[in-house]
Amino acid sequence: MTYQDKYETYLNQISGDIEACRSNGRSHVFGYTSNYDVVFQWDIDEYNRILKEFLKEEPKAQAGDTIDTMEDFARISSYCLMKGIGANFDITSLEVCEYLQNHFQSEPALGGTCAQGVAALAALGFPVVAQLTDRCKEVCSMMDASGVQVVKGNGLVPIMEGASDEAPVYHMILQFSKDDKLVIHGREYEVPLSNRLILFYDRIHKTVPVDQCFFDYWNEHADNISSYLASGFDAVIDTAVMEERLDELCRHFVCMRKKNPDFIAYLEGAYYMNPQVKEMLFRRLAPYINIIGTNEEELVAQNETYGILTDITKIESVVEGIEALINRYGVRGVILHTKDYSLYYGEELKGIDIEKGLTMGNLMSGTRARIGKYGTLDECRESLKLGLSPTGLAFHERLAKIKTEKQAVLVPSRYLEHPKYTIGLGDTFVSGVHTCFQ
């Protein structure tokens, strides 16, 4: 079956969707984290100088590694760049932070799936409510737009009314470029894929405190929710802390589902510093969740834990991998986002055009990759000039010939070989999917 390009059709519907959201009193609710990103300007020559000075052993990294020294930074980051892997690691040393800031130019940006998703929806004009862990004025000002609100006390207020005088929570981001040449122990390697590393010098996201007033408000006003994004626990390492948070979240979802059984709950995955924490989160929240979101790397890693190999170059293997994830956790559906396509696989979502959500997710993330910021409607329209991914088109054609057990919807992306920006693309994609939930 040939792919029918509906990008422009769906984009033309968004203005009406925004007006409907403003008039029906129902909210997109995004949680749970925010922070202040320090985005380093990538300099491959400077990076290679760092490797020459500090890389004492072979590149190597695994989940749970911490960066205690510049030698750790060189070993862990070079492994990720060689593989084109995007990942998160803790920095325990202020000296490492200062060294990187002194050797790379940087600019401020917004961090956290919740915060970035809110900013991306707000750039189009959608109203949305956020739960923030970092409420500093710098973060709130980057999210400040008409219709962006937070819970304060017993009600909703514009985001700047919820801002605090506290210092920002810093995350450092190193985004690297496809085809750059790494020099490792005298040998040259090409970076296979543009991606980013997120380096945390941050204690608050080890516990992810969620405001009780946020829980209380939405427990009482669940009828006013159209969609609810849960994310942000990827830096939690202590399983006891995660157990405590899950007890809170499960009580919260039980209460909301009693009042509003039909709202869409979306759990976005990530690269977790402790894979056991991710396992706990998926298992306990799955009964309340409609959709789990993931990327290719996360899908492969999650299945490898159970001895299941997923070949991302074959759509048949991808579908089998998603089927295994659904069966393992009992979730109703999965959305996979990649640079070439996005895919929904699972139960049919009654009254929801999931193809529209996937299309807008692709378009909004593609626009951010193209221009380096959250796109307006006009800027998204400019991205329609980008061609469709040949890989995505081939996957769509192949998927149409496969008999699947569940609904399978695949949308090829508007493809960009060398993105201007690689930070927050998945978060922006997630926000775009939410445009189809009314």
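Residues: numbered from 1 along the sequence shown. What you see below is based on every heavy atom in this structure, not just the backbone, and it leaves out hydrogens, waters and symmetry mates.
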Passing candidate, side chain to side chain contact (heavy atoms under 4.5 Å, CB included) with Lys314, options Val318, Ile312, Thr310, Asp311: Asp311
Would you say the side chains of [X] and [Y] form a donor-acceptor pair under 3.5 Å?
X	Y	result
Asp216	Gln212	yes
His205	Asp202	yes
Asn224	Trp218	no
His337	Glu268	yes
Ser34	Asp134	no
Ser413	Asp340	no
Thr428	Ser365	no
Asn35	His171	yes
Asp234	Asn88	yes

When you check the gap from the basic side-chain N to the acidic O, do [X] and [Y] get nearer than 4.0 Å?
X	Y	result
Asp211	Arg135	yes
Glu355	Lys6	yes
Asp262	Arg257	no
Glu379	Lys373	yes
Asp17	Lys356	yes
Glu347	Lys406	no
Arg251	Glu248	no

Whether Tyr32 and Phe214 hold their rings parallel, tilted or perpendicular, with breakpoints at 30° and 60°: perpendicular
Aromatic plane relationship, Trp42 with Tyr47 - under 30° parallel, 30 to 60° tilted, over 60° perpendicular: tilted
Working for side chain to side chain donor-acceptor pair (under 3.5 Å), residues Tyr271 and Asn295: CA-CA 9 Å; Tyr271 176 91; Asn295 65 25; over 6 Å; no
Rounded to the nearest 0.5 Å, what separates atom [atom1] in [X] from atom [atom2] in [Y]?
X	Y	atom1	atom2	result
Phe437	Leu229	CZ	CG	10.0 Å
Tyr189	Ile184	OH	CD1	6.0 Å
Phe176	Arg196	CZ	CZ	8.5 Å

Report yes or no: is the cationic atom of [X] (NZ for Lys, CZ for Arg) under 6.0 Å from the centre of the six-membered ring of [Y], at an angle within 45° of the ring normal?
X	Y	value
Arg245	Phe233	no
Arg26	Phe263	no
Arg414	Tyr7	yes

Any idea which heavy atoms bring [X] and [Y] closest together, and the distance?
X	Y	value
Gly372	Lys420	N-CD, 4.2 Å
Val411	Tyr3	CG1-OH, 3.6 Å
Val151	Cys213	CG1-O, 3.4 Å

With a 4.5 Å heavy-atom cut-off, do [X] and [Y] have their side chains touching?
X	Y	answer
Val210	Phe215	yes
Leu343	Val409	no
Leu281	Leu246	yes
Lys83	Pro192	no
Glu297	Val300	no
Thr435	Leu121	yes

Pair Glu190-Lys181, salt bridge (Lys or Arg N to Asp or Glu O under 4.0 Å): steps then yes or no: CA-CA 5 Å; Glu190 278 195 358; Lys181 305 296 189 297; 3.4 Å; yes
Is the gap between the ring centers of [X] and [Y] under 6.0 Å?
X	Y	value
Phe253	Tyr228	yes
Tyr201	Tyr170	no
Tyr266	His434	yes

Partners meeting ring-ring contact (aromatic ring centres under 6.0 Å, His included) with Tyr345 (sequence neighbours left out): none
Thr305 side-chain N/O to Ala301 backbone N/O, donor-acceptor pair under 3.5 Å: yes
Side-chain donor/acceptor of Arg22 to backbone N/O of Gly125, under 3.5 Å: yes
Steps toward side chain to side chain contact (heavy atoms under 4.5 Å, CB included) verdict (Leu174, Ile198): CA-CA 7 Å; Leu174 195 71; Ile198 304 179; over 6 Å; no
Derivation and outcome, side chain to side chain contact (heavy atoms under 4.5 Å, CB included), residues Leu124 and Tyr374: CA-CA 9 Å; Leu124 294 186; Tyr374 312 109; over 6 Å; no
Steps toward side chain to side chain contact (heavy atoms under 4.5 Å, CB included) verdict (Gln302, Thr294): CA-CA 10 Å; Gln302 199 105 350; Thr294 184; over 6 Å; no
Criterion side chain to side chain contact (heavy atoms under 4.5 Å, CB included) on Leu132 and Met143, from CA distance to verdict: CA-CA 11 Å; Leu132 306 180; Met143 299 173 65; 3.7 Å; yes
Inter- and intrachain pairs under ring-ring contact (aromatic ring centres under 6.0 Å, His included), touching residues 309-331, at least two apart: Phe282-Tyr329
Residue list, salt bridge (Lys or Arg N to Asp or Glu O under 4.0 Å) with Asp90, at least two apart or on another chain: Lys206
